Amino acid sequence: MSAQIGVTGLAVMGANLARNLARNGYTVALHNRSVEKTDALLEKHGGEGDFIRTESLQELVDSLEKPRRVLIMVKAGAPVDSVIEQLEPLLEAGDIIIDAGNSHYEDTRRREAALAEKNLHFVGVGVSGGEEGALLGPSIMPGGSRESYDSLGPMLEKISAKYNGEACCRWIGTDGAGHFVKMVHNGIEYADMQVIGEAYDVLRTAAGIEPADQAKIFTEWNTGTLSSFLIEITAEVLAHTDDRTGKPFVDVVVDSAGQKGTGRWTVVSALELGSPTSGIAESVFARGLSSQRGQRELAQGILEGHEGTVELPEGFVEDVRLALYASKLVSYAQGIDMLTAAATEYGWDLKLDEIASLWRAGCIIRAELLDDIMKAYAGDARPANLLLAPAFAESIAGAVPAWRRVVATAVQLGIPVPVFSSSLAYYDGLRRKRLPAALTQGLRDLFGAHTYNRVDAEGTFHTLWGEDRSEVEAVDTH
Ligand code: NAP
């Protein structure tokens with residue numbers, strides 16, 4: 001018996017992907033650096049499908065049908081390079097190495113280029129959905145060559161999540177495109193969670209609504225335009241009571257949020273691409289601030305808030321829902337804008353409608369909204385920005401009065417709402433006729449002779465600030 005795919009790295013994610021493949025009828029060869037994990041998987045779940053046990057990478061490679069497909073699911077970073085280095089001499093031209101871990105897309109680009117020189121395909125695959133998704137059907141974002149997808153795609157599509165029967169797996173684009181899109185997905189996930197947190201904080205602090213009652217509100221919100229996995233599980237967490245103390249669970253959890261790094265990668269990449277991804281950036285910074293517990297404790301005793309009082313407007317809960325919706329939409333718009341910038345930078349033909357379509361199920365940001373986003377990018381009339389798609393321009397405009405009221409209320413009461421407020425600033429910045437960037441250009445020209453363009457003439461200019469302040473034509477050094 002030969003296997004159609006081999007999986008090396010059988011910690012929770014690799015084991016669950018291997019089981020998912022086997023449950024879908026594929027024969028899967030199993031390998032792990034230490035054989036205990038292989039045996040543990042076989043002992044517990046060996047009956048779920050056809051597995052081949054191997055103890056070495058040589059054995060794993062020998063057990064595979066050609067062209068061979070070896071899926072690596074080891075710790076991201078140096079371990080991936082180490083496994084590739086060991087695998088490469090064992091493989092033949094046309095074989096496919098798949099990295100389904102959370103690798104940085106630049107690493108994937110480097111690995112793909114190096115292996116292509118040896119006529120091996122290297123496919124970086126973004127996988128979202130956590131442990132459960134890996135087992136039951138994740139959202140899958142494969143990069144690498146189109147040719148490799150012809151061989152690998154059907155398997156990945158079969159094990160992926162399904163939305164109305166459609167596989168949440170599409171070929172994204174060459175080299176690191178899959179891992180890039182997965183990274184941006186995770187960035188949006190950070191922003192999505194932060195705006196939920198801000199809504200919770202405003203409802204609790206400004207409106208005095210306790211977690212158990214908020215759970216009911218979030219459950220209600222989950223039936224409308226906000227309907228999504230994250231809103232659903234927010235209701236679940238807020239409804240949970242701590243066994244030990246009888247308090248709301250959310251009150252016994254230390255308020256400093258961890259991160260594994262994909263949000264940070266998204267922001268670094270956004271900065272490099274010059275893409276204004278402020279919502280995701282503020283979400284990452286908010287986690288950073290939450291983790292500075294020492295400084296926060298000192299600040300509580302030193303820094304005055306001078307909070308004002310606010311009479312909450314009628315329908316404040318609905319206002320918060322609209323502020324959450326609008327801020328969330330901005331984060332998606334910014335993430336998609338970043339994808340567009342990356343497509344130009346890296347020469348990827350990213351199909352935004354397809355990307356939105358495969359985030360509709362299996363992944364953490366799965367939401368009803370994504371179906372509408374998909375529709376906004378389908379066809380030829382692609383909006384320059386998600387917010388400019390007619391349906392979204394209308395729905396966000398409808399949310400603006402409430403959004404402003406919520407941000408103003410939060411600011412008056414000293415409740416930090418970094419993503420609500422920065423998203424509103426982005427919205428206003430995008431639609432404003434004149435920005436103070438004109439003054440910035442003036443300052444740059446004065447101190448650094450960086451030049452400027454005029455609103456009423458072609459060309460690039462410089463004012464002789466240190467002389468008679470006359471204007472001269474200049475070489476463009478923007
Ligand atoms: P992990 O804890 O990241 O890694 C453990 C696995 O890596 C073990 O199989 C371990 O082998 C192997 N390993 C570590 N160093 C190695 C080396 N130098 N050579 C060979 N094998 C090595 O496992 P995980 O949590 O299952 O995650 C796997 C990947 O999926 C990671 O990239 C992670 O970021 C990603 N991930 C994705 C999601 C998602 O939702 N998409 C969720 C979690 C994780 P031993 O047993 O021999 O130590």
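Every value quoted in this text rests on a predicted model; they were computed, and no experiment measured them. Indexing begins at 1, ligand by ligand and atom by atom, following the structure's order.
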Enclosure of Glu131 CD (heavy-atom neighbours >12, cutoff 6.0 Å): no
Within 6.0 angstrom of Arg382 CZ, more than 12 heavy atoms from elsewhere: yes
Per-residue contact class, Val83 against ligand 1 - non-hydrogen pairs under 4.0 Å: side chain
Proximal atoms of ligand 1 relative to Pro79 (non-hydrogen, under 4.0 Å): 15 (N), 16 (C), 17 (C), 18 (N)
Numbering as shown, the atoms of ligand 1 that approach Ala76 to under 4.0 Å (heavy-atom distance): 32 (O)
Face-on cation placement of Lys182 at Tyr105 ring, 6.0 Å and 45° thresholds: no
Give the table of side-chain donor-acceptor pairs shorter than 3.5 Å for residues 383-391, with sequence neighbours excluded, one pair per line with atom names and distance.
{"residue": "Asn385", "atom": "OD1", "partner": "Leu387", "partner atom": "N", "Å": "2.9"}
{"residue": "Asn385", "atom": "ND2", "partner": "Tyr426", "partner atom": "OH", "Å": "3.0"}

Any side-chain donor near an acceptor of the partner, Arg296 and Ser290, under 3.5 Å: no
Distance in Å, His179 NE2 paired with Asp107 CG, rounded so as to fall on 0.5 Å steps: 9.5 Å
Test side-chain hydrogen bond (donor to acceptor under 3.5 Å, both in side chains) applied to Asp372 - qualifying residues, sequence neighbours left out: none
Close N or O approach (Gly9, ligand 1; < 3.5 Å): no
Arg111 side chain to Thr108 backbone, donor-acceptor under 3.5 Å: no
Numbered atoms of ligand 1 (with element) below 4.0 Å of Leu10, judged on heavy atoms: 9 (O)
Val127 neighbourhood, listing ligand 1 atoms whose heavy-atom distance to it stays under 4.0 Å: 39 (C), 41 (N)
Geometric N/O contact Ala100 with ligand 1, under 3.5 angstrom: no
Top protein contact for atom 25 (O) of ligand 1, by heavy-atom distance: Val12 CG1, 3.9 Å
For atom 3 (O) of ligand 1, the protein heavy atom that lies nearest, with its residue and separation: Lys75 CA, 3.5 Å
Option of least heavy-atom distance to atom 33 (C) of ligand 1 (set: Val7, Leu17, Asn102): Asn102
Candidates Trp403, Phe392, Phe420 - the one meeting ring-ring contact (aromatic ring centres under 6.0 Å, His included) with Tyr427: Trp403
Side-chain donor-acceptor pair present, Tyr346, Glu106, cut-off under 3.5 Å: yes
Nearest non-hydrogen protein atom, atom 46 (O) of ligand 1: Lys37 NZ, 2.5 Å
Taking atom 47 (O) of ligand 1 as the reference point, the nearest protein heavy atom with its distance: Ser34 OG, 2.8 Å
Glu132 atom CD: more than 12 heavy-atom contacts under 6.0 Å: no
Atom 40 (O) of ligand 1: nearest protein contact (heavy atom, Å): Gly130 N, 2.9 Å
Identity and distance of the protein heavy atom lying nearest atom 17 (C) of ligand 1: Arg33 NH1, 3.3 Å
Aromatic Phe229 / basic Arg366 pairing, under 6.0 angstrom, 45° off normal: yes
Ligand-side contact atoms (ligand 1) for residue partner Gly101, heavy atom cut-off under 4.0 Å: 29 (C), 30 (O), 32 (O)
Closest candidate by heavy atom, reference atom 28 (C) of ligand 1, pool Glu131, Glu85, Lys260, Met73: Met73
Protein heavy atom at shortest distance from atom 31 (C) of ligand 1: Val74 O, 3.7 Å
Nearest-neighbour protein heavy atom for atom 5 (C) of ligand 1, which is reported as residue plus atom name and distance: Ala11 CB, 3.7 Å
Among Glu132, Met13, Gln86, closest by any non-hydrogen atom to atom 36 (N) of ligand 1: Met13
